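None of these values were measured; they are calculated from a predicted model. In the text below, chain A, chain B and the rest are named by the order of the sequence lines, each starting its count at 1.
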There are 2 protein chains.
Amino acid sequence: MATVTIYDVAAKAGVSIKSVSRVLNNEPNVSPTLRTKVEEAAASLGYRRSLSARSLAGASSSLIAVLVDADLTIEHWKSGRGSDYLGRLEFGALMEARQVDYHLMIELVDHNSPDLERDLMALLNSIRPEGVILTPPNSDNIAVMDVLDAAGTPYARIGPEAAFDRGFCIEMDERRAALEMTRHLIDLGHTRIAFVTGPVAYGASRRRLAGYRDAMAEAGLEVAPAWVVEGDFTFNSGALAMEKLHQTAPDITAIFASNDDTALGVLQCAARLGLSAPGDVAVAGFDDSPGAGFSTPDLTTIRQPVAEMAAAAAQRLIPPLRRLLKGDANARVIVPHDLIERQSTAQSVR
Amino acid sequence: MATVTIYDVAAKAGVSIKSVSRVLNNEPNVSPTLRTKVEEAAASLGYRRSLSARSLAGASSSLIAVLVDADLTIEHWKSGRGSDYLGRLEFGALMEARQVDYHLMIELVDHNSPDLERDLMALLNSIRPEGVILTPPNSDNIAVMDVLDAAGTPYARIGPEAAFDRGFCIEMDERRAALEMTRHLIDLGHTRIAFVTGPVAYGASRRRLAGYRDAMAEAGLEVAPAWVVEGDFTFNSGALAMEKLHQTAPDITAIFASNDDTALGVLQCAARLGLSAPGDVAVAGFDDSPGAGFSTPDLTTIRQPVAEMAAAAAQRLIPPLRRLLKGDANARVIVPHDLIERQSTAQSVR
DNA sequence: CTGAAAGCGCTAACAG
DNA sequence: CTGTTAGCGCTTTCAG
């Protein structure tokens, strides 16, 4: 396992190490002959540049760091609310990164740790990533962005809520998606459509609610106050909302919940109340979380394009990829979503 | 953003860089005074060693690579069968790694690419990880293990199927878990219990089936041939199995499916056939995938301790952590699982 | 117990 | 177009 170094390649090709370096980095001023010689030597030796040497010598570290929130992850488990969000995110970023030999490093941060800034600074100091991908809730963490800006490290924020002038913002149009889903229900013949919100503190909740209202207004449908019930993105809150709606607005024919967990709760409670879905009440969710496809009935929902968002982030953070984007590398990107139609909204209203 | 180097710390502490290095690496022969001085200087400067410099100078790279299969991930999405497996795995490894300032790198590999060996070798050459975590199906990829062995890079295999003498094997006792689940059904009063298998090619499938048979035998219950139906870990195969069982073995009172997706399919088909669960038929799954907690009824299942397995892997791969393990660092680890009792097996047989 | 010197593999600046 | 010379920040010799 003798390590193959640039010297070995240079020796084999009969040139200087600088020439090898030039070829490897696609620098100008290299004769085709030399290029060929070097490439052949490198290939035959199975040579690969050492990341650390490169990084130490001042070139790119070829590293993208993904900052994942520890608290949120733990909370998700405890509440039994896991998702493949992270897996999809990483995959999307990785598919881009691997093309140009970049690597992905996953780091845990506590978004409300008092040492956050010190820790983050230390992290940057120690691994020197070329770019950082911020996942919620760190996508909106001012302290994190400040440290990153101070370090001069570019960052992409997945699903940011505000301050859209900082970093690269990679989003989906949640308001629009909620509008489309509501419109979908209206097209199915529903007119009395209830909405279960998420926690008011979340911008996503507010945007989804706004989209619902947009669609209703657009169709000239009034929204009775009783139709909008507060939830908190959990299964339980969905069940409670269903119960409440059953009492205060029994004449509704469709319920649009702010996320899938909530919608699943609605579904379960409806069954308990003897209401069939979609027969008595159509139900729609948001996120396309795992499980949405396996409920009875399976859930009509909006698929968040997580992998695509991560890919867009990677394209903006990795210089060789950004160059390919040319002028399209806007700082704010809206990635298209999908409406996935399943059984929970299957038939039109009787 | 002037980078803080070991020289800055040495200057501030009034010692040589070698002394700083000694303190940082917990080397012997350091006077307490010196140690304190250095530690204070380092802390006040917010100093953090550069990973690349350390790695280049021949010390540990402080890197653990996680090899994730690209094909499998893509396939999971297409089939709508996402899970939080990867998220849990990374979290478990990260919680250990961060304690000793190790980092996690995620790499995609195609387990059946023809260039697998070349690519992997190049990867090792370029990032020089201290250890590698192999996730299925690469946990059993001989070619991968050969490359790793040749490079002298330690590796931990999550959920290996065979060749238990290679690398660190981190497993759960699937046979035992299946036995316990079956026993649980028997304790509930069931005697006619069906089993839906996974794909025969998977060792996990075979072990789960064996556990089922163990428990039945142990209770002196015979297994009618019609009770064991072949599935393939998908939702659809569960629905098909339920249909088949309804025709060929209508008198069964419980169904144990090899994984949650399959169990969810069973559940849905049962509902379609007018069978209530758990009233007419109790249903149990395996994996505790997201969604298992949100079905109607929610699913009794076995929780795979993925995070714990990853933690065990990290402990064995990261030298400073392994030292803490002392003699307990066996090459083969069985991590305890949990049986999660939910509504789908709620009441005992009528 | 402590320090000075050498060099890991690479790129950057400066020559030719 | 190509090569030489210094380092990057650290750990490892090897001397005190």
Exercise for the section: State plainly whether the residues B/Asp149 and B/Arg166 are in salt-bridge range, i.e. N to O under 4.0 Å. Expected result: yes

Handout entry: OP1 or OP2 of D/dT2 under 4.0 Å from side-chain N/O of A/Ser31
Key = yes

Problem - A/Ser21 vs C/dT11: side-chain N/O to OP1/OP2 distance below 4.0 Å - result: yes

Exercise for the section: Salt-bridge test for B/Asp101 and B/Arg48: reply yes if a basic N is under 4.0 Å from a carboxylate O, no otherwise. Expected result: yes

Practice task
Would you kindly give the CG-to-C1' distance between B/Asp8 and D/dC10, to the nearest whole Å?
Solution key: 13 Å

Exercise for the section: Compare the minimum distances between each of D/dT11, D/dC1, D/dG3 and the side chain of B/Ile17, then state the nucleotide with the smallest one. Expected result: D/dT11

Handout entry: Side-chain N or O of A/Ser55 closer than 4.0 Å to phosphate OP1/OP2 of C/dC10
Key = no

Handout entry: Contact nearer the 5' end of DNA chain C, comparing B/Ala53 with B/Pro32
Key = B/Pro32

Practice task
Output yes when a side-chain donor or acceptor of B/Arg49 lies under 3.5 Å from a complementary backbone atom of A/Ser126, and no otherwise.
Solution key: no

Exercise for the section: Starting at atom CG of B/Leu51, determine the distance to atom P of D/dG9, rounded to an integer number of angstrom. Expected result: 14 Å

Practice task
Return the value, rounded to whole Å, for the distance between atom CZ of B/Arg35 and atom P of C/dC1.
Solution key: 11 Å

Practice task
Would you tell me if any nitrogen or oxygen in the side chain of B/Thr5 comes within less than 4.0 Å of OP1 or OP2 on D/dG9?
Solution key: no

Practice task
Please check the phosphate of C/dT11 (OP1 and OP2 only) for any side-chain N or O of A/Arg49 closer than 4.0 Å.
Solution key: yes

Practice task
Measure the distance from CG on A/Asn125 to C1' on D/dC8 and round it to the nearest whole Å.
Solution key: 13 Å

Handout entry: 5' priority, DNA chain D, between A/Ser19 and B/Leu56 [closest heavy atom]
Key = A/Ser19

Practice task
Let me know the distance between CZ of B/Arg54 and C1' of C/dG9, rounded to the nearest Å.
Solution key: 17 Å

Practice task
Name the residue closer to the 5' end of DNA chain C, choosing between B/Lys18 and A/Tyr7 according to the nucleotide with the nearest heavy atom.
Solution key: B/Lys18

Handout entry: Rounded distance (Å) that lies between atom P of D/dT2 and atom CD of A/Glu27
Key = 13 Å

Practice task
Using the side-chain hydrogen bond (donor to acceptor under 3.5 Å, both in side chains) rule, take B/Asp69 and B/His111 through it: C-alpha gap first, then chi angles, then the decisive distance, then the call.
Solution key: CA-CA 6 Å; B/Asp69 196 68; B/His111 72 276; 2.9 Å; yes

Problem - Carboxylate-amine/guanidinium proximity below 4.0 Å for A/Lys18 and A/Glu27 - result: yes

Practice task
Would you indicate what A/Arg22 reaches in the nucleic acid, counting non-hydrogen atoms under 4.0 angstrom: base, sugar-phosphate, or nothing?
Solution key: base

Handout entry: Distance-only donor-acceptor test, B/Arg128 side-chain atoms vs C/dG9 base atoms, 3.5 Å
Key = no

Exercise for the section: In whole angstrom, give the distance that lies between atom CD1 of A/Ile6 and atom P of C/dG7. Expected result: 18 Å

Fill in the blank from the handout: Nearest-nucleotide check on DNA chain D, B/Ser50 vs A/Leu34; residue mapping nearer the 5' end is A/Leu34

Exercise for the section: Check the distance between C/dG3's C1' and B/Lys37's NZ and give it to me in whole angstrom. Expected result: 13 Å

Handout entry: Phosphate OP1/OP2 of C/dT2: any B/Ser16 side-chain N/O under 4.0 Å
Key = no

Practice task
Would you tell me whether A/Asn125 and A/Arg128 have side-chain atoms, one donor and one acceptor, within less than 3.5 Å of each other?
Solution key: yes

